[in-house]
There are 2 protein chains.
Amino acid sequence: MVTINPNSPVDEDLVKDKETAFAEFIQRRGLKTTRQRNTIISTFFRLKGHISVEELLVEVKKANPRIGYATVYRTLHLLVESGLVEERRFGDGLARYEGHSAVEHHDHMICLECGMISEFYNPRLEALQEHLAEENNFEIYRHRLELYGACKDKAACDTRKKQKEARAQGA
Amino acid sequence: MVTINPNSPVDEDLVKDKETAFAEFIQRRGLKTTRQRNTIISTFFRLKGHISVEELLVEVKKANPRIGYATVYRTLHLLVESGLVEERRFGDGLARYEGHSAVEHHDHMICLECGMISEFYNPRLEALQEHLAEENNFEIYRHRLELYGACKDKAACDTRKKQKEARAQGA
DNA sequence: TCGGTAATGAAAACAGTTTTCGTAATCCAA
DNA sequence: TTGGATTACGAAAACTGTTTTCATTACCGA
Ligand SMILES: [Mn+2]
Ligand SMILES: [Mn+2]
Ligand SMILES: [Zn+2]
Ligand SMILES: [Zn+2]
């Protein structure tokens, strides 16, 4: 059970690894290295959590205001194709992206009050899914499990909720 | 484990129950009974599976070609609010709706080859989710679990795939 | 450095859905 | 039963998130 802490320091070594891996992917595909792509991925891998295109663009523009959202979309697609990033959709109508998480494959719990997203992984759950697929003569490629609900710790939840509202106001 | 059979006969009594329940919902909310809404819900509850707005509109127009998609959207929202229908999104970008299913709450297996959607329900899986939420001090309101993959029965899968392509061609 | 290829950014297009707005239908009170 | 406030309808416009287009610029191997 892991909740992302947006205030934890960036692991610079991990960021470098990701940047290198992406550069190799670009090479392998015969694509070109560009200033914009470097800015975008470097920005992306320094962010934590489940980042929307909008959120990423705002940060990217701080480094280079001339970068447009078409390039951000295109670069995110490349990141997904490279396997370094996964796309998520939690039902609010917009795509979110996550790179290095605390755990590799994982599922999500989403608080509908404060927006908190916790990640979890449980081998018994995974095994049970496999078992059910087997029973149904079905082969699983991937799955998504999302638990929607609310934090039981109302105080902490409310604090996060207010922080979020303040941030939305400021934007 | 239940796969919807689109050729099974319509349960007329069940359809009537749903129609009555919707009429009561409309009353309760102080809304008006209309020819269009009646046509739409009666058409919807006679269809099987996970129906897109487009699919429903096509059928509705057979009964009354003057009904537009705005009314179909609006009526589907009412059906969802009434609790008689659930909205699903399986990642192909469009909303699908399901009314009376073989099982009440259930999760889905989706074949990426032929589009087949199987429904399943497993109490151990549900209990395990509850247990994990408990551990994380989280209260679940609802969840979604979708297994994406492929049928192991390649012959049956291929037949469905071809039927689907033929239908798409004809439309 | 040249030249072919790939990438960029602004704007237009797109898909699914929601809203608007003028007209028509519903239904309750009189 | 009808008048009239209220709700619903349908066509079209608007909206949202995303993708594509197209003219221009940047990359990079020869
Ligand atoms: Mn995650
Ligand atoms: Mn279903
Ligand atoms: Zn919360
Ligand atoms: Zn299949």
Side-chain angles (χ1 to χ4, degrees), chain A residues 22-44 50-58 60-82 85-97 168 171, chain B residues 22-44 50-58 60-82 85-97 168 171:
Chain A
F22 186 68
E24 280 164 6
F25 168 78
I26 289 293
Q27 293 279 35
R28 222 178 308 129
R29 287 268 283 248
L31 305 177
K32 290 173 181 171
T33 302
T34 70
R35 200 173 294 285
Q36 291 91 331
R37 295 218 266 237
N38 287 340
T39 300
I40 292 166
I41 69 157
S42 155
T43 304
F44 178 79
H50 302 84
I51 306 298
S52 70
V53 175
E54 181 73 28
E55 285 164 357
L56 179 55
L57 182 61
V58 166
V60 162
K61 276 188 179 295
K62 290 179 186 170
N64 178 355
R66 304 209 39 202
I67 294 177
Y69 60 101
T71 304
V72 170
Y73 272 108
R74 288 189 277 231
T75 305
L76 282 169
H77 291 331
L78 288 174
L79 282 167
V80 170
E81 283 177 58
S82 76
V85 163
E86 280 190 85
E87 182 178 310
R88 307 281 185 191
R89 284 173 184 274
F90 295 131
D92 60 355
L94 41 93
R96 295 181 174 279
Y97 297 85
Chain B
F22 186 68
E24 280 164 6
F25 168 79
I26 289 291
Q27 293 278 35
R28 224 177 308 129
R29 287 268 286 248
L31 304 177
K32 289 173 182 172
T33 301
T34 71
R35 201 173 296 284
Q36 291 92 331
R37 296 218 266 238
N38 286 340
T39 300
I40 292 166
I41 70 156
S42 154
T43 303
F44 178 79
H50 303 83
I51 306 297
S52 69
V53 175
E54 182 73 31
E55 285 165 356
L56 178 56
L57 182 61
V58 167
V60 162
K61 276 188 178 296
K62 289 180 185 169
N64 179 355
R66 305 209 38 201
I67 293 176
Y69 61 102
T71 303
V72 171
Y73 272 108
R74 288 189 278 231
T75 304
L76 282 168
H77 291 331
L78 288 174
L79 283 167
V80 170
E81 284 178 58
S82 77
V85 163
E86 279 189 86
E87 182 178 309
R88 307 280 185 192
R89 284 173 185 275
F90 295 131
D92 59 354
L94 41 92
R96 296 182 173 279
Y97 297 86

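Note that this is a predicted model, so its numbers are computed, not measured. First the proteins, then the strands, lettered A, B, ... as listed; each starts at 1.
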* Could you tell me how the ring of B:Tyr73 sits relative to the ring of B:Tyr69: parallel (under 30°), tilted (30 to 60°) or perpendicular (over 60°)? =>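 B:Tyr73 vs B:Tyr69 ring planes: perpendicular.
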
* Asked: With sugar-phosphate meaning primed atoms plus P, OP1 and OP2, does A:Arg89 contact a base, only sugar-phosphate, or nothing at under 4.0 Å between heavy atoms?
  ->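 Sugar-phosphate, backbone atoms only, no base.
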
Expressed as a whole number of angstroms, how long is the span from [X]:[atom1] to [N]:[atom2]?
X: A:Asn64; N: D:dT25; atom1: CG; atom2: C1'; result: 14 Å
X: B:Asn38; N: D:dC9; atom1: CG; atom2: C1'; result: 14 Å
X: A:Glu54; N: D:dC15; atom1: CD; atom2: P; result: 17 Å
X: A:Leu56; N: D:dG17; atom1: CG; atom2: P; result: 16 Å
X: B:Ile26; N: D:dA8; atom1: CD1; atom2: P; result: 7 Å

* Closest contact, heavy atoms only, B:Thr39 versus B:Ala63 ->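 It is CG2-CB, 3.7 Å.
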
* To do: Determine the sole option in A:Leu76, A:Ile40, A:Thr34 for which the side chain to side chain contact (heavy atoms under 4.5 Å, CB included) test with A:Thr71 is passed.
  => A:Ile40

* Is there a side-chain polar atom (N or O) of A:Arg35 under 4.0 Å from OP1 or OP2 of D:dT25? -> no

* Asked: Does B:Gln36 put a side-chain nitrogen or oxygen below 4.0 Å from OP1 or OP2 of D:dA8?
  -> no

* Asked: In Å, rounded to the nearest 0.5 Å, how long is the span from NE2 of A:His50 to CG of A:Leu94?
  ->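 If I round to the nearest 0.5 Å, the distance is 13.5 Å.
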
* **Between CD1 on residue B:Ile41 and OG1 on residue B:Thr75, distance to nearest 0.5 Å** =>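 These two atoms lie 9.0 Å from each other.
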
With a 4.5 Å heavy-atom cut-off, do [X] and [Y] have their side chains touching?
X: A:Arg89; Y: B:Arg89; result: no
X: A:Val85; Y: A:Phe44; result: yes
X: B:Tyr97; Y: B:Val53; result: yes

* Structure fact -> Residue pair B:Arg37/B:Lys61 against DNA chain D: nearer the 5' end by closest nucleotide is B:Arg37

* Those residues of residues 66-82 of chain B lying under 4.0 Å from DNA chain C by at least one heavy atom ->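 Output list: B:Tyr69, B:Ala70, B:Tyr73, B:Arg74, B:His77.
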
* Does any N or O in the side chain of B:Arg74 come within less than 3.5 Å of the main-chain N or O of B:Arg37, such that one atom is a donor and the other an acceptor? -> no

* Structure fact -> Contact span of DNA chain C against chain A, any nucleotide atom under 4.0 Å from a heavy atom, 5' to 3', runs C:dG4 to C:dA12

